[in-house]
Amino acid sequence: MLGVLRQKYQGEIPSLFHHLETVCSEKEKGSTACLRNEEELKARFPQTYGRPVLHLKKGEAKKAHPLRVGVVFSGGQAPGGHNVIAGLFDALKKLHQKSTLLGFLDGPNGIIQGKYKELDASSIVSFRNQGGFDLIGSGRTKIESEDQLESAFKTLTSLNLDGLVIIGGDDSNTNAAILAEYLLQKGSKTKVIGVPKTIDGDLQNPWVAIPFGFDTACKVYSEMIGNICKDALSAKKYYHFIKLMGRSASHITLECALKTHPNCALIGEEIAFNKTTLKEITRQLADLVCKREREDKNYGVVLIPEGLIEFIPEIRALIEEINAETSFDKQALTESSRECFISLPEEIQKQLLLDRDPHGNVQVSSIETEKLLISCVKKELKERSYKGKFSPVAHFLGYEGRSALPSNFDANYCYVLGMSACILLKEGLTGYMAFVKNLEKPASEWQMGGLPLTMLMCLEKRQGKLKPVIQKALVDLGKAPFLHFKQIRQALALQDDYKFPGPIQFFGPQELTDTTPLSLSL
């Protein structure tokens, strides 16, 4: 029943989009530059490098022509993706009823293999404001090799597409930049626009305050964390170690900590900055257990980002050495890394040596960091001859948040991103990422535009080769969200100031239904 009611939800759109035929783009003065490796990236992207930032504004009404546009989901799911497609479809039809939208099936591989379906009003209606990516599916194939690019070019040419919208994270938008450049060099008319998606929150810059899906995922996780906090407070006998998604950044952990007030939240970026060792982290957690025991509190809640283990300096060095070799040889490690490896529990050692990820690196997401910390704290407490109770429980909150019904914020944000992508294509632009600014304000005050993908890029070594990538955005230790958490965390360690956000609210007062991420409001 809730899903059916959500299909009918219509959020507010910016006043600029009430008359799409009058919307045009305006260039900022001057060209843009990449983050670093400028000369190399200029050479790799001669057609698209240095283009200006664009802002959408009201102009004179122009007669629109029908457009043929493709859309693809790339990478992991994020709540709101279907609304990007809905916004794109509605905008295309408002501009010209004869416009066509094709959905490529199961991710970028659908482009390579020419697998698609036409999307019409009847096929989209049941997916409006719904979670998941199941309308057309998704996948992690990258369009980057010469053969893949040539296959994509043939597919897009045979379908006579004016544009392609790639909905994805940093890697997917990197591929969008590569494909846009390639198509221009081949003389293709197909323009490529990216849309910022990832629940991890690590696709951020001055124009993209947060990617879509982050708000919903954090609200889902925070509901569950709040429930666990209430259970801890009720049972008064368990320590809950909760690992949260966030492969390369701790944005989710920070947002959930702000929402739920656990006794401890480890922020990977701070640990890296302070060069905090595993032993020091263990001592801090053991100190917390001992201090709370003196308050007769043998329970607590600890939040851990998924990628924490890579922020711990000695383990990061170990992982880098493992990544550098195609096969593992313990004797080939440096002495310090070999000692680190031997000191880890056997199960963690095995997880470090699982099959590599698509980049040829250690699968950090498969390492049970929460269980590693539990093991280390148990050992430390034993060495201290601790007489109190320590009953730890491990949790991993991950997939639960990726395909949830999108919050009103994400539903509206995604719809406007889809409309913005349509306008950028209508303007004949390529190699841009659609953005929406002023997200902490009412939707009527949002500002939309396009960001050249090359300005977000640098070169990184992947599988032994320097490759262009969009740099991941980490938690900024100098900005308000972290500083606020830092200010309150000492009190949270001993006080039970747990917050219980409850489930996402879709109906009722706007102060309940239309909340934005706390990291934005701060």
Side-chain angles (χ1 to χ4, degrees), residues 199-200 217-218 220-247 250 252-257 259-268 271 276 278-290 292-293 297-312 315 319 343-354 362-384 386 388-402 492-493 496 498 500:
I199 66 165
D200 287 358
C218 288
V220 170
Y221 298 142
S222 294
E223 177 196 355
M224 290 186 276
I225 294 166
N227 294 345
I228 291 169
C229 288
K230 178 64 79 174
D231 189 88
L233 195 58
S234 301
K236 298 189 187 312
K237 59 182 180 180
Y238 298 116
Y239 268 90
H240 297 274
F241 285 66
I242 306 171
K243 184 173 75 171
L244 294 160
M245 277 216 169
R247 165 65 181 79
S250 308
I252 289 177
T253 297
L254 178 57
E255 176 73 16
C256 290
K259 289 182 187 296
T260 63
H261 288 192
N263 302 110
C264 176
L266 299 171
I267 304 300
I271 285 166
T276 310
L278 179 59
K279 185 66 176 175
E280 289 168 333
I281 295 169
T282 301
R283 285 173 182 158
Q284 291 170 12
L285 291 171
D287 288 346
L288 174 70
V289 172
C290 293
R292 287 182 63 81
E293 196 274 338
K297 294 178 177 180
N298 292 304
Y299 59 91
V301 178
V302 178
L303 303 188
I304 304 158
E306 179 184 20
L308 174 72
I309 199 160
E310 266 196 311
F311 285 102
I312 301 171
I315 300 181
I319 289 173
S343 72
L344 297 172
E346 185 178 346
E347 195 57 35
I348 302 299
Q349 291 180 12
K350 290 178 181 177
Q351 291 165 10
L352 279 166
L353 303 180
L354 291 171
V362 169
Q363 292 192 58
V364 173
S365 60
S366 298
I367 299 172
E368 295 175 315
T369 314
E370 69 280 21
K371 293 183 180 179
L372 168 63
L373 293 179
I374 286 172
S375 174
C376 291
V377 172
K378 279 183 177 178
K379 184 179 178 183
E380 174 70 19
L381 291 174
K382 186 178 180 180
E383 289 174 358
R384 294 186 186 190
Y386 176 70
K389 296 177 181 177
F390 178 62
S391 301
V393 181
H395 308 263
F396 175 39
L397 304 183
Y399 295 103
E400 298 89 339
R402 298 201 315 173
L492 299 182
D496 295 336
Y498 303 136
F500 318 107

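Values reported hereafter were calculated over all heavy atoms of this structure, with side chains retained and with hydrogens, waters and symmetry mates removed.
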List the steps and the verdict of side chain to side chain contact (heavy atoms under 4.5 Å, CB included) for Ile281 and Phe311.
CA-CA 12 Å; Ile281 295 169; Phe311 285 102; over 6 Å; no
Reported OG-to-NZ distance for the pair Ser391 and Lys378, which is rounded to 0.5 angstrom
8.5 Å
Find out whether Ile225 and Leu244 are in side-chain contact, i.e. whether some heavy atom of one side chain is under 4.5 Å from a heavy atom of the other.
yes
The single option from Cys218, Pro305, Pro262 passing side-chain contact (heavy atoms from CB on, under 4.5 Å) against Thr253
Pro305
Considering non-hydrogen atoms only, spot the tightest contact between Lys259 and Ser222 and give its length.
CD-OG, 3.1 Å
Taking all atoms of both residues into account, what is the closest heavy-atom pair of Leu381 and Cys290, and its distance?
CD2-SG, 3.9 Å
Applying side-chain hydrogen bond (donor to acceptor under 3.5 Å, both in side chains), can you list everything that pairs with Tyr299, at least two apart in sequence or on another chain?
Asp496
In short, Pro345 meets Ser375 closest at the heavy-atom pair CG-OG, 3.9 Å
Would you call Val362 and Ile367 a side-chain contact if the rule is heavy atoms closer than 4.5 Å?
yes
Is there a donor-acceptor pair closer than 3.5 Å between any side-chain N or O of Glu306 and the backbone N or O of Met245?
no
Atom OG in Ser234, atom CG in Asn227: separation rounded to 0.5 Å?
10.5 Å
Distance-only polar pair, side chains of Asn298 and Tyr239, donor-acceptor under 3.5 Å
no
Shortest non-hydrogen separation from Pro392 to Ile374 and the atoms involved
CG-CG2, 3.4 Å
How many angstroms lie between CG in Leu308 and CD1 in Ile271, if you round to the nearest 0.5 Å?
4.5 Å
Atom OH of Tyr238: over 12 foreign heavy atoms under 6.0 Å:
no
With the side chain counted from C-beta on, respond yes when Tyr221 and Ile199 share a heavy-atom pair under 4.5 Å apart, and no when they do not.
yes
Lys237, NZ atom: more than 12 neighbouring heavy atoms under 6.0 Å:
no
Pair Gln284-Thr276, side chain to side chain contact (heavy atoms under 4.5 Å, CB included): steps then yes or no
CA-CA 10 Å; Gln284 291 170 12; Thr276 310; 4.1 Å; yes
Nearest-0.5 Å distance that lies between atom CG in Leu266 and atom OG1 in Thr369:
10.0 Å
Please walk me through it: do Ile252 and Leu397 pass side chain to side chain contact (heavy atoms under 4.5 Å, CB included)?
CA-CA 11 Å; Ile252 289 177; Leu397 304 183; over 6 Å; no
Begin with the C-alpha distance, continue with both residues' side-chain angles, and end with the deciding distance and a verdict on salt bridge (charged side-chain N to carboxylate O under 4.0 Å, His left out) for Glu380 and Lys279.
CA-CA 9 Å; Glu380 174 70 19; Lys279 185 66 176 175; 3.0 Å; yes
Do Thr282 side-chain atoms and Leu278 backbone N/O form a donor-acceptor pair below 3.5 Å?
yes
Is the backbone N or O of Gly398 less than 3.5 Å from a side-chain atom of Glu400, with the two atoms forming a donor-acceptor pair by type?
yes
Contact summary for Ser365 and Arg247, nearest pair of heavy atoms:
N-CD, 4.3 Å
Return the CD1 to CD1 distance between Ile267 and Ile304, rounded to the nearest 0.5 Å.
11.5 Å
I want to check something: taking the side chain as every heavy atom from C-beta on, are Asp287 and Arg384 in contact at a cut-off of under 4.5 Å?
yes
With a sphere of 6.0 Å drawn around NZ of Lys297, does it hold more than 12 non-hydrogen atoms of other residues, nucleotides or ligands?
yes
Any donor and acceptor pair, going by atom type alone, linking the side chain of Tyr498 with main-chain N or O of Asn263 inside 3.5 Å?
no
Check the surroundings of atom CD in Glu346: do more than 12 heavy atoms from other residues, nucleotides or ligands lie under 6.0 Å from it?
no
Rounded to the nearest 0.5 Å, what separation is found between the CD1 atom of Ile348 and the CD atom of Glu368?
6.0 Å
Taking every heavy atom of Cys229 against every heavy atom of Val301, the minimum-distance pair comes out as SG-CG2, 3.9 Å
Are there over 12 heavy-atom neighbours, none belonging to Lys382, within less than 6.0 Å of that residue's NZ?
no
